[in-house]
*Asks:* 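One structure, pasted below without further comment.
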Amino acid sequence: MKYKDLIESMTLEEKASLMSGKDFWQTQDIKRLGIPNMYLADGPHGMRKQAAAADHLGLNPSLPATSFPTAATVANSWNVTLGEIMGTYLGKEAVAQNVNVLLGPGINMKRNPLAGRNFEYYSEDPYLAGKMAASFIRGIQSNGIAASVKHFAVNSQEERRMVIDTIVDERTLREIYLTAFEIAVKEGKTKTVMSSYNKLNGTYTNEHPHLMQDILRDEWGFDGVVVTDWGGNNDRVAALVTGNELEMPTTNGETDRDIIQAIKAEEIEEKVLDENVDRLLDLIFTTAGDKQDAEKEIDFEAHHDMAQKIAEESIVLLKNTEKILPLDKNKKVAVIGDFAKQPRYQGAGSSVVNPTKLDSTLDLLKEAGLNSIGFEPGYNRYGKKNKDVAKKALKLAKKADLVLLYIGLDEVTEAEGLDRSDMKIPDNQVQLLHALHKVNPNIVAVLSSGAVVEMPWISKVKGLVHGYLSGQAGAKAILRVLTGEVNPSGKLAETYPLHYKDTPSYHHFPGKEVSVEHREGLFIGYRYYDTAGVNVRFPFGYGLSYTTFEYTDIHVDTEGVTFTITNTGDVPGMEVAQLYIGSKSKEIFRPKKELKGFTKVFLNPRESKTVTISFDDKAFRYFNVKTNKWEIEEADYDIMIGASSTDIRLTGVLFIEGTGAAPPYEKERLPSYYSGKANHVSIEEFETLLGARVPESKWNRTKQLGYNDTIAQCQYAKGRFARFAFRLITFSHWFLRKIGKRDTANLIMMSVHHMPFRGMARMTGGIMNMPMLDGILMIVNGQFFKGVRHVLRERRQMLKSR
Ligand code: BGC
């Protein structure tokens, strides 16, 4: 142990006190021993340091900070250097505000397009997500502070996120859901990892010995700190044993006492606590304290400019018929769409940033040199139909040569804690588009959303620019793409299916009661569409440019692949070349191709560059569930260089010697996985893959409700009062939506309806403790008077002991 002497000088109580927060954002300090506290703050695309009231839902204001593009946006840049620069800038702002741990990046896999936090995550591909995250982490940590990669792991849905049990087989876990974390740990050297709220195959992630010890510590060699997600602790002692050092936020010492008791009762050895304390002290001493040489004055203008540059490289040009883009500056342009006035630039929840300034398209039209003849909002941002507003837009469109239409999802729809209910943009926007098309077919649409949407309307636009959620400088970045000052070079980090029902997890998302079965296994995103031969709107890796690129001269050897790219157009541009690998053997099922490398190349007109993408340890490996190791299958492999996952420009074949492990599967028992058509897997076949029985996915409605049941389950509680409370909550939710208060309705859903009972003690800032919660549960389970007496008695006790 590095801090052995210091730890020996601490009392048991002092050591335990370090294991949870002092308040909502800070860790405990021990002044007598010179141990300072740490400040932890969100988040993934900008600082959310709260000056006064604290919360984890982005409700109360935070200090102004640069709002960079969200992860879903930056991933489209496929530029790891840019990711690192963004991390460095963010880290500088964190240091200036005395933050020690920045809670990001979020790198969960985009298993389903409706998952509420997709806007905060990078990709459906673990390799791309991992590489982007690792560089971002290196950037943040270059400032002497820590990043916290989150949410570890398989946090694939928001609904019931604090209790849902994710059922996933070991190979899928390793290859899909953990690879990005592995890269973040090994290459990004993240100093902290945030455990996720959910369970993984029956055990809460922060208590999961296989996840926390076997994989994170033993295999990946992680020696940093695991912090719980806010209020995400279930059994403090079990979590400590697996190496979860820090619980956040404060529990007013309640869970520290659990640790002390367990040691005194000799349930665990004090050594376990000491080891956790040792790692935590290392984090404290390497990140805390005044950073003498750090800049304390941030040049926010320079940071804004960097946010713009990052957005410019992340914007994706999806459609450009008749070369309608770049815009002809002589043409009369009608600017339509509420988002042109008030940009949609970030999502809702704990990642919300209070921006230092905010670009708006309308203010920048002149500077962009566009010949705008006027603006009309055209639709109500939150979906309400309004004929008059639409009419005005049509009138304006008639007078113009071209319509620049800003559309997308509103900020209430893309929010932490909730999944979207469909993949559409609001009807009122689609109707407006159809009507506009009738009066003026020259439409260029600018789309703003942090996640995938269906586009049945796409034939009505000639140009389509996807800005994603491009941060506080996004509006200007988009205008620069529209006018051709910037040649778009972003490529999609996720697939755009034609319809939601085409998605592989369609039948198993979200898990509504106990669990969510990841029956599609490895086949998420392009791995499914590509292997099963399902048509999509836009494939993974897709994006247009104002120039064209030619790929020639492929050379493949065991080290890697070398090829030449030429800019065959008239303007400079950047191309993202992607390396995909697929095994020719049919012995072990695999996706047809998987991303194993990429590079972004800048080329002047007619310039050529020869580039090499080296194979790394992930290029040929697969996880063998029989040997319980990464293995390589001896086979011929297709080596493919593509401009997208479906636009393969060069191919080669390479024979690779294997590690000799026998194929782990009985082929005939896994037909869906061997064909890749894994969108409708039977429970029997999934159980074969899982190697275990699938647990009951429905609530046991006869059981009494306990700590980890949610308020939603009060619908079948024994206590009349609980059932009434449930109805009241449901009614309030319905009523709030009815009167257009969708954001407040959402809040009720995520912070009340889906909250486990234990959250009442963990997330109410000390108003309630666990013994009081026992009384609440008595009431819920039908013992009203006994419960009330219990609550009152325990409350008196709690106040007295304080
Ligand atoms: C989120 C985390 C966030 C934390 C603190 C949680 O609800 O899941 O991503 O870092 O709150 O705000």
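Because the structure is a prediction, the values reported are computed rather than measured. The chain is numbered in sequence order, starting from 1. Atoms within each ligand, like the ligands themselves, are counted from 1 in listed order. The figures that follow rest on heavy atoms only: side chains count, while hydrogens, waters and symmetry mates do not.
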*Asks:* When only distance counts, is Y197 in polar contact with ligand 1, meaning an N/O pair under 3.5 Å?
*Replies:* yes

*Asks:* Just which atoms of ligand 1 are under 4.0 Å from any heavy atom in K150?
*Replies:* 2 (C), 3 (C), 9 (O), 10 (O)

*Asks:* Write down the atom of L63, the atom of Q97, and the distance for their closest heavy-atom approach.
*Replies:*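 Minimum heavy-atom separation between L63 and Q97: CD1-OE1, 3.9 Å.
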
*Asks:* Strictly under 6.0 Å, is that where the ring centroids of Y127 and W78 end up?
*Replies:*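 They do not qualify: ring centres at least 6.0 Å apart.
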
*Asks:* From the options D256, D258, T250, select the one residue that forms a side chain to side chain donor-acceptor pair (under 3.5 Å) with S20.
*Replies:*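 For S20, the side chain to side chain donor-acceptor pair (under 3.5 Å) check succeeds only for D256.
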
*Asks:* What are the atoms of ligand 1, with element, lying closer than 4.0 Å to any heavy atom of E416?
*Replies:* 1 (C), 6 (C), 7 (O), 8 (O)

*Asks:* By number and element, which atoms of ligand 1 are closer than 4.0 Å to a non-hydrogen atom of L103?
*Replies:* 10 (O)

*Asks:* Run the numbers on K131 and D125 for salt bridge (Lys or Arg N to Asp or Glu O under 4.0 Å), then give the verdict.
*Replies:* CA-CA 10 Å; K131 291 288 174 181; D125 182 85; over 6 Å; no

*Asks:* Does the residue R161 have a heavy-atom contact with ligand 1, meaning some pair of atoms that are separated by less than 4.0 Å?
*Replies:*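 Yes, R161 has heavy atoms under 4.0 Å from ligand 1.
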
*Asks:* For ligand 1, does M162 get within less than 4.0 Å through its side chain, its backbone, both, or neither, judged by non-hydrogen atoms?
*Replies:*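 The answer is neither.
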
*Asks:* Counting from 1, what ligand 1 atoms have a heavy atom of M194 closer than 4.0 Å?
*Replies:* 10 (O)

*Asks:* Among protein heavy atoms, which sits nearest to atom 3 (C) of ligand 1, and what does the distance come to when rounded to 0.1 Å?
*Replies:* D42 OD1, 3.3 Å

*Asks:* I want to know if ligand 1 touches R48 in the polar sense, i.e. an N/O pair below 3.5 angstrom.
*Replies:* yes

*Asks:* Which ligand 1 atoms, with their elements, are less than 4.0 angstrom from a heavy-atom of W25?
*Replies:*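 In order of number, 5 (C), 12 (O).
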
*Asks:* What protein heavy atom is closest to atom 11 (O) of ligand 1, reported as residue, atom name and distance in Å?
*Replies:*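 Nearest protein contact, heavy atoms only, for atom 11 (O) of ligand 1 is H56 CB, 3.4 Å.
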
*Asks:* How close do S470 and G474 get, heavy atom to heavy atom, and via which atoms?
*Replies:*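 Taking S470 first and G474 second, the nearest heavy atoms are OG-CA, 3.3 Å.
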
*Asks:* Taking only heavy atoms of D229, which atoms of ligand 1 are found under 4.0 Å from at least one of them?
*Replies:*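 So the atoms of ligand 1 that pass are 1 (C), 2 (C), 3 (C), 4 (C), 6 (C), 7 (O), 8 (O), 11 (O).
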
*Asks:* Classify the ring geometry between F68 and H303 as parallel (under 30°), tilted (30 to 60°) or perpendicular (over 60°).
*Replies:* tilted

*Asks:* Within the supplied structure, the quantity of interest is the number of heavy atoms (other residues, nucleotides, ligands) at a distance under 6.0 Å from Y382 OH; does it exceed 12?
*Replies:*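 It does: Y382 OH has more than 12 such atoms within range.
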
*Asks:* Examine R758 relative to Y204 and say whether NZ or CZ is less than 6.0 Å from the centre of the six-membered ring and inside a 45° cone about the ring axis.
*Replies:* yes

